[in-house]
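Worksheet: the structure to be examined is printed underneath.
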Amino acid sequence: MSADPFQDFFQACQDLLSAQVEVPPEAALTVPPRREFGDLSSNVAFVLAKPLRRAPRQIAQELVAKIDPSTSPLVAKAEVAGAGYINFYMDYEAFAAHALETIRAEGAAYGTSEPEKRLRVLVEHTSVNPNKEWHIGHARNCVLGDVIARLYRHAGHEVEVQNYIDDTGKQATDSLYALRYFQPEPQPETKYDHFVGEHYVRLHRILGREEDARAELKALEGQPLEGEDAAKAEVLRAELAQIAEVKAGIVELMHHVEHGEYVQDICRVLDAQLQTAWSLGASYDLLSWEGDIVRSGLFQEAMDKIKGSPYVYVAESGPKAGCLVMNMTDFWEGGKATEDDVLEKVLVRSNGIPTYEGKDIAYQMWKFGLLENDVRFRLYTVQPDGRELRTTWREGEARRRPKVDVVINVIGAPQSYAQAVVYTAMRVTGHEEEYRNSRHLAYGMVYLPSGSMSGRKGIGISADEVLQSTVDEAYERVKAKRAAELPEDEMRRIAEAVGRSAVRYFMVQFNPSKDVLFEIDQVLSLDGNTSSYLQYANVRTESLMRKAADEGLDMAAIWQEAGSLQLSELADEEKDLVSALARYPGVIARALAALAPNILTDYAFELAGLFTQFYHKCAVLKAETPELVRRRLALSRATNQVFMNTFGILGLDKLDVM
RNA sequence: GCCCCUGUAGCUCAGUGGACAAGAGCAACUGCCUUCUAAGCAGUGGGUCGCAGGUUCGAAUCCUGCCAGGGGUACCA
């Protein structure tokens, strides 16, 4: 017996079958659609029908006749059903004992067996340009990455979370320039990233006029100008002159930014953005600044290394003459490519400036520990959850990098091609293993009912706003319900927990690959399939245990003997609950393998529903016999344990009252 | 043009290791709070699983072709 009760039942059924017949690998043992069909169902008879040239039902009947369930404590019986399914039924009494005992013994570790190999995993997420406030799409990235990191940690792996700071890019420069250009009055009451973002958008309103102004002027200049037209042309010329001035100013400023002269200013924006991350319950281990990676010589070393490959060379002619290019033709797996030029990727332009892919290749090589040089780093701050946050820095300790096994980059789906280029560079340089262990968690965009968001135009909903609205809504709810019994600060605390959790849940409840339509009402409702439902179900487990203690029952003692309680004649609701609790480890494994947190949210919602049904149908504290009370308290305690573990991974807040 | 992702109920989404009657939440409608918290429960109505072929005992799921939406495909950032 293992720490995965459902897997044990699965294995038991599998063994019973294999003892009678060689089970082909394509035969499946799956959970049937309805409980009348048992707890696991095998289609092996269908698969064997063809090679044996016999009817599936006949094969199934012969197999079932030979199977002896009494040799397996968890299996009650096997039956033939339908056209030839072999349905296995659990011995629920034995199974419930095993499940409860496992959950009790494993506790916070329940759900994850010791990994065969403890991996070092590097998760990069967030990586938002430090130039304006986050919108909800950034929040999706952050929460997805945070949950993936927590999943790996829960599974016993060693995780480092990095947040890449593009401090030398155009966006950061634009914002810095906007502040110099407009010289706005400081607004201490406005969160700094919002303040800067406002002026960034203002700057782009000016720049965005260029094309139109040019066209309008051209239309006017076709004829002799007089009166109103002459004045209008003058205005347009002035506008274009202003645009030219701004653009020149940005280019000039860019040189200074690239030399790291404005790190302090960028930190101010970054710090405001980090507040958003922390209020969403996320944290990081390292801030990786692009400027530091370039200045520390990592980029140069990576390019020198990659130049050693026969597939990397300076193009001598053609449109890419003078560029350092990488020919990926022999290595490309990122989709069926037919046009050769797509596969000849520029890494360094003819003017010596690297492309994004070029820089990202260096970063990826550094992540895997493939470079000799290293950045220096220092402590940046201690985060609200107590985790230390480090940052790369121009001076300080040298960072001794351990070998990393897996690199997961949480980056939007539009960057799929660029990511494929970066990973392909690993195999081009002979690092096949690193190539295979590079994973792009490509997530879909977040859209508003009004269309897509645009950072430049300032269209979108900020993550801070969404969070605040949700907390406000939760506050109204808790106040309407509990104003009489709870103090103000307690209601505030609950509202924070409910609001934060609701936003997090929304961000990961969909398949990552899908685009998400963000409707604020769906988050604000706090009804139905939301984190509130899970929190509410868990509050009920808490409440039951509290009341049990009030009635003089020794909860700890009951839980201690969970596996040896009276577990016969379980009600259907109890069976369903036990079965769901036992399936938790498998859910974790699937979510991890697929990098899909929505597998876990789906499960958690189902579990909450099953517990709620149990709660409504089966009296716990008021059950008919003391034995029944103890059993149902143990089931509640077990559910509470699985909720705790699930909440830990999803980063949802546990509540005692709501 | 080529490549990738997506198309399931009015809306938002699960299900894509093939399996015996397509699921959930929201919205609509009907009931249920002196009874372990009604952010809840029970129930009703609502679907040619984008379309057309194919493979199979069996297809929302696999294959082919089409249609629709989004993204990518630059020495852009």
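As a basis for the values below, the full set of heavy atoms in this structure was taken, side chains included, without hydrogen atoms, waters or symmetry mates. Predicted model only: the values in this text are computed from it and were never measured. Below, chains carry the letters A, B, ... as their sequence lines are ordered, and counting in each starts from 1.
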### Query
Any N or O donor-acceptor pair linking the side chain of A:Tyr533 to the base of B:rA39 at under 3.5 Å?
no
### Task
Measure the distance between the ring centre of A:Phe605 and the centre of the six-membered base ring of B:rA24, then answer whether it is under 5.5 Å with planes under 30°.
no
### Query
To the nearest angstrom, how far is A:Gln522 atom CD from B:rU12 atom P?
9 Å
### Task
Counting Watson-Crick and G-U wobble pairs only, both distances under 3.5 Å, name the nucleotide matched with B:rU64, or none.
B:rA52
### Query
Taking NZ, NE, NH1 and NH2 as the nitrogens, is one of them in A:Asp653 or A:Arg500 under 4.0 Å from a carboxylate oxygen of the other?
yes
### Message
Is the phosphate of B:rA14 approached by A:Lys514 (side-chain N or O, under 4.0 Å from OP1 or OP2)?
### Response
yes
### Task
Take atom CG of A:Asn598 and atom C1' of B:rU12, then tell me their distance rounded to the nearest Å.
14 Å
#### Entry: Verify stack between A:Tyr85 ring and B:rC20 base, 5.5 Å, 30 degrees
yes
### Message
Any strand counts, and the cut-off is 3.5 Å on both contacts for Watson-Crick or G-U wobble. Which nucleotide pairs with B:rG17?
### Response
none
### Message
Between A:Arg631 and A:Glu627 (salt bridge meaning N to carboxylate O under 4.0 Å), is one present in this structure?
### Response
no
### Task
Measure from the ring center of A:Tyr417 to the ring center of A:Trp332 and say whether it is less than 6.0 Å.
yes
### Task
Mind calculating the distance between CD (A:Glu551) and P (B:rC36) to the nearest angstrom?
12 Å
### Task
Specify the separation, in whole Å, of atom CG of A:Asp515 and atom P of B:rC4.
17 Å
#### Entry: For atom NZ of A:Lys50 and atom P of B:rU56, their distance in whole Å
6 Å
### Chi-based syn or anti call at B:rC66, which uses purine or pyrimidine torsion atoms and a 90° bound
anti
### Task
Determine: side-chain N/O of A:Arg540 to OP1/OP2 of B:rA38, distance under 4.0 Å, yes or no.
yes
### Query
Are A:Asp527 and A:Arg477 within salt-bridge range, i.e. N to O under 4.0 Å?
yes
### Message
I need the CD-P distance between A:Glu519 and B:rA27, as an integer number of Å.
### Response
12 Å
### Summary
Of B:rA74, B:rU6, B:rC41, the nucleotide closest to the side chain of A:Ser513 is B:rU6
### Task
Quick one: look up who B:rC57 pairs with, Watson-Crick or G-U, both distances under 3.5 Å, and put none if it's unpaired.
none
### Message
Distance criterion of 3.5 Å, no angle test: do you see the side chain of A:Asn529 paired donor-to-acceptor with the base of B:rA24?
### Response
no
### Task
Using both distances under 3.5 Å as the test, list the Watson-Crick or G-U wobble partner of B:rU44, or none.
B:rA28
#### Entry: Short side-chain N/O contact from A:Gln419 to OP1 or OP2 of B:rG72, under 4.0 Å
no
### Task
Starting at atom CZ of A:Arg54, determine the distance to atom C1' of B:rC57, rounded to an integer number of angstrom.
16 Å
### Message
Looking at the base of B:rC75, is there any donor atom on it, or on the side chain of A:Thr355, that sits under 3.5 Å from an acceptor on the other one?
### Response
no
### Query
Under a 3.5 Å cut-off for both distances, is B:rU73 Watson-Crick or wobble paired, and to whom?
B:rG1
#### Entry: d(CG, A:Leu448; P, B:rU12) in whole Å
14 Å
#### Entry: Check ion pair A:Glu490-A:Arg493 (N to O, under 4.0 angstrom)
yes
### Query
Counting only Watson-Crick or G-U wobble pairs whose two distances fall under 3.5 Å, which nucleotide matches B:rA9?
none
### Query
Counting only side-chain N and O atoms of A:Lys320, is one of them less than 4.0 Å from OP1 or OP2 of B:rC75?
yes
### Task
Kindly point out which of B:rA39, B:rA77, B:rA42 is positioned nearest to the side chain of A:Arg477?
B:rA39
